[in-house]
Amino acid sequence: MRSALVTGGSSGIGLALARMLRDDGYKLTLVARRPEPLEAAAAELGALAVPANLGDPDECVRAVAAHASRYGQMNVLVNSAGIGIGGSFAELDTKRIGLQLDVCLRATLVVTRESLSLLRASRGHIITLASIAGTIPTPGLAVYGATKAALISFTNSLNREEAEHGVRATAISPAFVATKMTDWTGLPPEEQISTDDIVELVRAVLKLGPKARVPNIVVERVGDVV
């Protein structure tokens, strides 16, 4: 049996990746904040549903423990939970800064730390949804971009630390992907990157041989000037 834990697994990229993993034979744990869409996604995929506010470190620990209790092992961790709050940094209040730091960055660090013993045992993969905003200047998304840059750096360092245990980590750094999270852009879905594109990239990473590692994949949107 192979298993995967997917944070942010009830919608968007997280749900798309969860569907791919289910189709490829993984047993799943889905973690998300809102119980209703989480239960719907879990019912569709035959997954364990763990409602959790990942802004709370204790909830991060609990989510991984629930997965371990159900499956006893983990082959893939997908860190997809995140939140972006747009606007001028000069006008961004401390609460909104903290929320992005907590959910995008600290939650990923804690969930990954708690999962490492299981991933070492399986010589597993960590897939973390970063953003192209972590690689280029992003006015209006300064804090969000900073968290994603930190995740890319974290992934690079984690690869070096965990090489002896066979754990490999990949950050995925796309431009706008057609999900509800990008509705604010006004871009029609056909002008954005498809979740199917992200799925195919992650599927390819998971199929690599044991000596191949991809630290970061940047996915540009055709037409953007970066």
Checklist entry - How far does CG of Leu99 sit from CG of Asp93, to the nearest 0.5 angstrom? => result 10.0 Å

Checklist entry - Excluding sequence neighbours, so at least two apart, what forms salt bridge (charged side-chain N to carboxylate O under 4.0 Å, His left out) with Asp24? => result Arg203

Item to check | All salt bridge (charged side-chain N to carboxylate O under 4.0 Å, His left out) counterparts of Arg22, not counting sequence neighbours | outcome: none

Show every donor-acceptor pair shorter than 3.5 Å between a side-chain atom in residues 100-107 and any protein atom, with sequence neighbours excluded, or say none if there are none.
residue : atom : partner : partner atom : Å
Gln100  : OE1  : Ile85   : N            : 3.1
Gln100  : NE2  : Arg96   : O            : 3.2
Arg106  : NH2  : Gly55   : O            : 2.6

Checklist entry - Backbone N or O of Ile132 within a donor-acceptor pair of the Thr135 side chain at under 3.5 Å? => result yes

Next on the checklist: With side-chain contact (heavy atoms from CB on, under 4.5 Å) as the criterion, how do Thr128 and Phe154 come out once you've worked through the C-alpha distance, each side chain's angles and the decisive distance to 0.1 Å?
Outcome noted: CA-CA 10 Å; Thr128 296; Phe154 169 65; 5.5 Å; no

Checklist entry - When rounded to the nearest 0.5 angstrom, what is the spacing between CG in Leu38 and CD in Glu36? => result 9.5 Å

Checklist entry - Is there a donor-acceptor pair under 3.5 Å between the side chain of Ser3 and the backbone N or O of Gln73? => result yes

Checklist entry - Can you tell which of Arg168, Arg120, Arg123 makes a salt bridge (Lys or Arg N to Asp or Glu O under 4.0 Å) with Glu162? => result Arg120

Item to check | Distance in Å, Thr195 OG1 paired with Arg19 CZ, rounded so as to fall on 0.5 Å steps | outcome: 8.5 Å

Item to check | Heavy-atom neighbours of Arg2 CZ exceed 12 at 6.0 Å | outcome: yes

Checklist entry - Which is it for Tyr144 and Thr138 under the side-chain contact (heavy atoms from CB on, under 4.5 Å) test, yes or no, and what are the steps along the way? => result CA-CA 9 Å; Tyr144 177 77; Thr138 51; over 6 Å; no

Next on the checklist: Please give me the minimum heavy-atom distance between Leu5 and Ala63, naming the atom from each residue.
Outcome noted: CD1-O, 4.0 Å

Checklist entry - Is the backbone N or O of Leu28 less than 3.5 Å from a side-chain atom of Tyr71, with the two atoms forming a donor-acceptor pair by type? => result yes

What side-chain donor-acceptor pairs closer than 3.5 Å can you find for residues 208-218, not counting sequence neighbours?
residue : atom : partner : partner atom : Å
Arg213  : NH1  : Asn159  : O            : 3.2
Asn216  : OD1  : Ser173  : OG           : 2.8

Checklist entry - Under 3.5 Å, side chain of Thr155 to main-chain N/O of Ala169, donor-acceptor pair present? => result no

Next on the checklist: Can you list everything that forms a salt bridge (charged side-chain N to carboxylate O under 4.0 Å, His left out) with Arg62? Sequence neighbours excluded, please.
Outcome noted: Glu59

Checklist entry - Can you name the salt bridge (charged side-chain N to carboxylate O under 4.0 Å, His left out) partners of Glu161, sequence neighbours left out? => result none

Next on the checklist: Donor-acceptor check, side chain of Lys27 to backbone of Gly46, threshold 3.5 angstrom: yes or no?
Outcome noted: no

Checklist entry - Within the side chain of Ser10, is there an N or O that forms a donor-acceptor pair under 3.5 Å with the backbone of Pro37? => result no

